[in-house]
Every structure is written in structure tokens, then in C-alpha cells.
Protein chains: 2
Amino acid sequence: MDIRTFAEIVGVSIATVSRAFSGNGRISPETKRHILKMAKKKGFTPNIHARRLSSQESAMLGIFYSFSSEPIFDYYNMELAQELAKAALQQGYTAQLELTNDDDRQEERLLQLASTKAIDGVILVVGKIARARKFLPKISHCPCVTITNFPWPKTIPVAGSIFIDFQKGIEQTISTLRDRGHSRIGYIRGMVDETKHQAYLMAMEKAGLDLEPSWIHPGYKSFSDGERAVRALLKRRVTAILCATDILALGVMHAAQEDGVCLPEDLAVVGMDDLAVSAFTTPGLASIGVPRNHVAQASVETLTRAIRDKRYDQIKTTYSQTIHPQLVERHSLGSLPLKNITKKSFDTSPKNA
Amino acid sequence: MDIRTFAEIVGVSIATVSRAFSGNGRISPETKRHILKMAKKKGFTPNIHARRLSSQESAMLGIFYSFSSEPIFDYYNMELAQELAKAALQQGYTAQLELTNDDDRQEERLLQLASTKAIDGVILVVGKIARARKFLPKISHCPCVTITNFPWPKTIPVAGSIFIDFQKGIEQTISTLRDRGHSRIGYIRGMVDETKHQAYLMAMEKAGLDLEPSWIHPGYKSFSDGERAVRALLKRRVTAILCATDILALGVMHAAQEDGVCLPEDLAVVGMDDLAVSAFTTPGLASIGVPRNHVAQASVETLTRAIRDKRYDQIKTTYSQTIHPQLVERHSLGSLPLKNITKKSFDTSPKNA
DNA sequence: CTGTTAGCGCTTTCAG
DNA sequence: CTGAAAGCGCTAACAG
């Protein structure tokens, strides 16, 4: 059924029907109620394409990320996407999750959606910045908020950027580990973790801990490398390992326990992200936890504000926000301080200031 | 830029431009190439809404599921959704993931999308059938494929249905456990697992194993109930537990190990679904694994075929498909047969035929 | 093979 | 507060 025939049935003009549904323009509450009631009764639903074509708005937020080689690597993105979808819903928007395995295709798609107003705004979870730098200018008319693990460069204009800054969390983790008697704390790098890596180095220094280069394991992709990483680090007599992601940490725990290493007695493990599943591993995985709901809400709010601002033709500014994940303590971190090991370890670890 | 001005720039009619992009209608390869090239150069992209409004097609598949109370419970749906998105992509469609926390809203949304052709078809992951029965008739014009853990009732017409039938997998699991010396095999029910539950009962019987009602733990929702479930079952001297989902199994493993129960020596655990994370728990979680990529491909293929059929006005039939998940063996299942425990257990377990 | 034209179903001034 | 009418940008016959 189309608006015209429906309007005829109700006995009003199509304009009135339109107003009843869109909420724009003046309409008496009475007729509005009547129209809505009749619509339900007669089964009329405004055509979404016609509406979007005409209004140049879609009430959709595009959310873009790429598939990984294995689903397990997508856990973080999936959980985040879900939170984004929730947050969008709360703001009266629907999330258009655009998952791709092909970057070119994704770019093309983004361009199409953005330039035809199929989405009102876009949230980009960007790992490597190279591509973004290239195509963001092409959709400059479409508000965009980025979510990154590094500070967003001011040279690339966006409506907003959410920076997930692990530095404090990493410092907190390292000093916690130190306070519990650890001095040989290794780090397993992720795929794109320059910022985290730096934070680790700095945290070790701040904690007054020495550091051997061999305690840092280069970034790796698949779990099969997990065993190698742990073994390599254990050979270096590391007593704790910080991992750039929870997924890496899962791999580490798995491999370590297979080798008969007791967690957390022989080895403390800490991940990053705090996936939902991390609370239920054995032992529970301590993690520097990204508050995904906050990230999601911040992104969506920033984005919707940008959309409104734009609609009212206001000046374009960038709203930046930094979010500081904090250490979530769980069993993999080892027993609480000072009780069992601390005294002993203060003797054992010669490097403590 | 709109098609008219672009057509003018290129020096052809708008119809020709349309043909160049849509692939429909006759057009010389030469002009087509030229138009496409110019489009890229001038930055013209066909308006997606106008196109859909006019063609009454969207190349979108709606995928509907509801958020759970906690993200961990959504793992299965998220992984499946991702596979569905992949499969859709391969067929030239885009997935519109519609995640909701409110069933009414979801229904409304589905109605809107379906009735205005915002989606060409819909894939429904349906747990409880009650609601579906009510609103499916309302979108009878929109091809729909369902994914369920029970056989789809013929009384509710759909374009296709994928039935994930755990029966064989459950039988396989029970008999494997029996062959490894287990006779007291418990079961933890899920939220909606009538079919699985029946299969368990039947499998126990087929395996010639006795069964006490107390070995079956009623379905539960949150992990906090996990401890209770395991403890209750362990009190019944159960030596193996089958769980209706991997998530339940994770909870069981976590609680058991916290209580000092050794896995798999003291207790074998098997889940269902085979989440990506299950391969990386400690011990690795054996699971009756849903081949999500097959499920996804089957659903999407069935759906796209239905869409085509409908377009060509063919007769409507229901394509049903049954998928049989199989046991994926991992450490939580216990050591391989006959080597260590079998002999002993044949003596110990009096109930073996 | 290409151009013309009549819609697709709604929003939004602009009158009244 | 409501109605009339002019688009929104494209597709799909129908001519040529």
C-alpha cells in the first residue's frame, strides 16, 4: 500500500500522513493518533527508500570493520560492534554493520553509502591509518568518528575520534605486577601495537624495572605461534607476561598449561581488551579492559551530534575523546599482594629500587 | 552529483548511464566502459535509495537476532552472523544485521524492512517459535529462511528452513564417552533445548546406559549458576557432563577447576556449538560443532534462490535442509579410548550391558 | 544499441 | 492545521 491510497482511505492528504509519521511539521495530535491507528489497522508502512530519497536522511550509522582470517580474531570487533549497535539504537539510529574481507570493496561500499546518504554517518574502527588517510577526504561530507589505539592525527579531519589509550592501564599493570614480586615481565606484541609497545617500555622504566630486549616477543598472528612465544619467554625466565590482546593471552595460557606450567604460580598472564570470555577461562584472565559500552556510547554520541550540527549548518569541529582502560584483576594475575610472595620476591629480585 | 548532470557531462542519456551501472538492458561494452571510467573520474555514484525505490530491490538480506543479557551469550549468534555476512557477500548481497534488545521493536522493524523492500529476504535465527508463528504471515511476500535447533513445522510457510540437528552428534558423543569408560554422564540443559534434551535421553538409552533424573540439570542462564550445576552433578558422582552449549561448558570447566576438580581426569566435559574460543580454553573444550560456514552458506543460498524464484514468479516451495553437527574431540573429553581407563571402568561401572 | 518518458513513494515548501 | 504540487534520483518499458 502506498501513501496515496492510504491517505485516501483515511480521508486526509498525503502530506498529513507524512507529517503523522515523520513528526515534522505541524499536525494536530488528534489526527496524528487517528492516522497512526488506521495505519496499524490497514497495515500501511511508509516506504523507507522513498522516505530516505526524499529527506536525504537515513537514520543509519555505518560501522565498518574487516573480517580476520579466523573468527577468534574478530571477537573484539564483534563485541564492540554489538555495543555500537546498542548505542545507536538508543539514539534512534540503526547500525549498518558493514563487514568485509576485501579492503577495496569496503572502501567502495563506504563511498557509495556515504555519498548517497545511505548512512548519515560512519564509525570506523581503524587499525592501520594508511588507507584511512587516503579515502577519508573522499567522504568529507559524511560525518565520521574513528576508534583507534593511537591518538588521531590532526592532519586528517574527522568529526570525532575516540582514542583508547592503554598507557595508564599498562603502567598500572606493570606496577601491580612489580608490587607482587615480579621483576621479569615480558611482553608479546600484537599486530598493530606501536602505542602499547611504547607504553610497556615506559611503564617498565617508571616501575624501576630492568628490561631485556628478549623479553619482548614480536607480534604474531596465529595461535600456533603461541607456544613458541611462551616457550621463548619462559626460557628467559620471565615470570609474568603482558599480551597486546586477550586473544594472545588465551593462546599463551593454553600453551603454557599444556607444557605443565602452572598459572599463575609459575607465570602471571595479563591480556588487553577484556573480552567477555576472559572472565570464564581457567584461570580467569586478568586484562586491561576496554569499556566497550563507554567507547560505543562515546562514539555514537559524538557522531550523532556531528550529524545534527551538520544539519543545522554549524561549524565543523573535531570532538576528541580519550578512554583509559583499567586493569581488571583475575586469577591469572596471581595472588593478592604482600601475602605470599612479596617479601620473598623483594629478596629475590635484585633490580628493585 | 545526480545521474542527469552526469549523463550530460558524458554526453549520453540517463538511461544509458543507468544501464552501465545496473548491468540490465543492452549497452555496448565500449560506452559502458567509458561511462564507468568517467564516473570514477568525476566521482559519480548512483543514489542507492533512488535505485532501490525504483527497482524494488535492495540486494540486502536481513539477519535478525536479539541481544542477550550478557555479551558472552551472544558469541554463537555473533559468529554465525559473521558467517552469514560472508556468505551473503559471496552471493552479491549485503547483510543487514538487525540486532535488537526489544522483541516488539524487532518485529516492527522486520515488518517495515520487508514490506518496503528494504531487504530482499530475511534470515531468522529463531529460538522460541511462538513469536515467529505470529508475525511470519505478515511478511509472507518476503522470502524467509529460518535457522533452528528443531524441525521447522510445516504449518508455518517459509521459503526455506535449516534445521541443525544435534541428535547424531549427541549419540556419537555419548557412545564415545561410554567407550572411554564413562557410564554416569550428566546433562546440563540450555534455555531452549527440548530437541537436544530428547536426543540425550535417547542416546543414553541407545548406548545401553542407565540414567538417573538427577543427572540432568535444569537449564540455567547465568554463570553464577554454573558452580551450582557442576557441584550438584558431581555429588551425583557423574564422571562426564554434556552441556547444551559451549558457554555452559565454559562455566562448568571454570567452576570445576576452581573447586580443584581435575579436567578431564575427574570429569569429562563436552559442549555444543564449537565456538571459535573453545579450541583455546584449558583444557581444550570438546564440542559438538555446528559448521557455521555451512549453515550460513546453506541459508544464504536457499534464500537467494527463493528471491530469484520469486522474481521469476515461480512456484513457491520450501527448501528444507538438515545439518548434523559432529563431535570435535579435544582434551576436555579425556584420553583416547581403551588405553588407560576402559578396562578398569568396565569393571567399575555395573550398568554396562 | 540508445533516448524518452512515466513512474517508484515520500518530504517539503508554499498557499490557504 | 491541512492540502497541492514540485521534486528526490533512478529504473524500465517503449520507441526509435
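Letters A, B, ... mirror the listed sequences (proteins, then strands); counts begin at 1. Bear in mind that the values here come from a model prediction, so they are computed numbers and not experimental data.
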Examine distances only and state if a side-chain atom of B/Asp120 and a backbone atom of B/Glu57 form a donor-acceptor pair shorter than 3.5 Å.
-> no

In the 5'-to-3' direction, what one-character label does each nucleotide of nucleotides 7-16 of chain C receive under the scheme B = base within less than 4.0 Å of a protein heavy atom, S = sugar-phosphate only, - = no such atom?
-> BBBBBB----

Those residues that, when tested against B/Phe6, pass ring-ring contact (aromatic ring centres under 6.0 Å, His included) (two or more places apart) = B/Phe44

Enter the distance from B/Thr304:OG1 to B/Leu61:CG here, rounded to the nearest 0.5 Å.
-> 7.5 Å

Does a salt bridge link B/Arg131 with B/Glu107, judged by any charged N lying under 4.0 Å from a carboxylate O?
-> yes

Contacts table for residues 291-301 of chain B: side-chain donor-acceptor under 3.5 angstrom, sequence neighbours left out:
{"from": "B/Arg292", "atom 1": "NE", "to": "B/Glu79", "atom 2": "OE1", "distance (Å)": "3.3"}
{"from": "B/Arg292", "atom 1": "NH1", "to": "B/Asp273", "atom 2": "O", "distance (Å)": "2.9"}
{"from": "B/Arg292", "atom 1": "NH1", "to": "B/Asp274", "atom 2": "O", "distance (Å)": "3.4"}
{"from": "B/Arg292", "atom 1": "NH2", "to": "B/Glu79", "atom 2": "OE1", "distance (Å)": "2.9"}
{"from": "B/Arg292", "atom 1": "NH2", "to": "B/Asp274", "atom 2": "O", "distance (Å)": "2.7"}
{"from": "B/Ser299", "atom 1": "OG", "to": "B/Val295", "atom 2": "O", "distance (Å)": "2.4"}

Qualifying salt bridge (Lys or Arg N to Asp or Glu O under 4.0 Å) pairs, either residue in residues 3-23 of chain B, two or more places apart | none

Give every residue pair that meets the salt bridge (Lys or Arg N to Asp or Glu O under 4.0 Å) criterion with at least one member in residues 89-101 of chain B, sequence neighbours excluded.
-> B/Glu98-B/Arg109

Which pairs with one or both residues in residues 25-36 of chain B pass side-chain hydrogen bond (donor to acceptor under 3.5 Å, both in side chains), sequence neighbours excluded?
-> B/Ser28-B/Thr31

Under the salt bridge (Lys or Arg N to Asp or Glu O under 4.0 Å) rule, what pairs show up with a residue in residues 46-55 of chain B, not counting sequence neighbours?
-> none

Five-pair end axes of the helix from C/dC1-D/dG16 to C/dG16-D/dC1, angle between them (10°) | 30°

Give me the first and last nucleotide of DNA chain D, going 5' to 3', that has any atom under 4.0 Å from a heavy atom of chain A.
-> D/dC1 to D/dG9

Got a sec, which residues hit ring-ring contact (aromatic ring centres under 6.0 Å, His included) with A/Tyr75, two or more places apart in sequence or on another chain?
-> B/Tyr75

Can you tell me which residue pairs pass the side-chain hydrogen bond (donor to acceptor under 3.5 Å, both in side chains) test with a partner in residues 152-164 of chain B, sequence neighbours excluded?
-> B/Ser161-B/Ser320

What residues 26-39 of chain A contributes to the DNA chain C interface at heavy-atom separation below 4.0 Å is none

What's the spacing between B/Ile63 CD1 and B/Leu99 CG if we round to 0.5 Å?
-> 9.5 Å

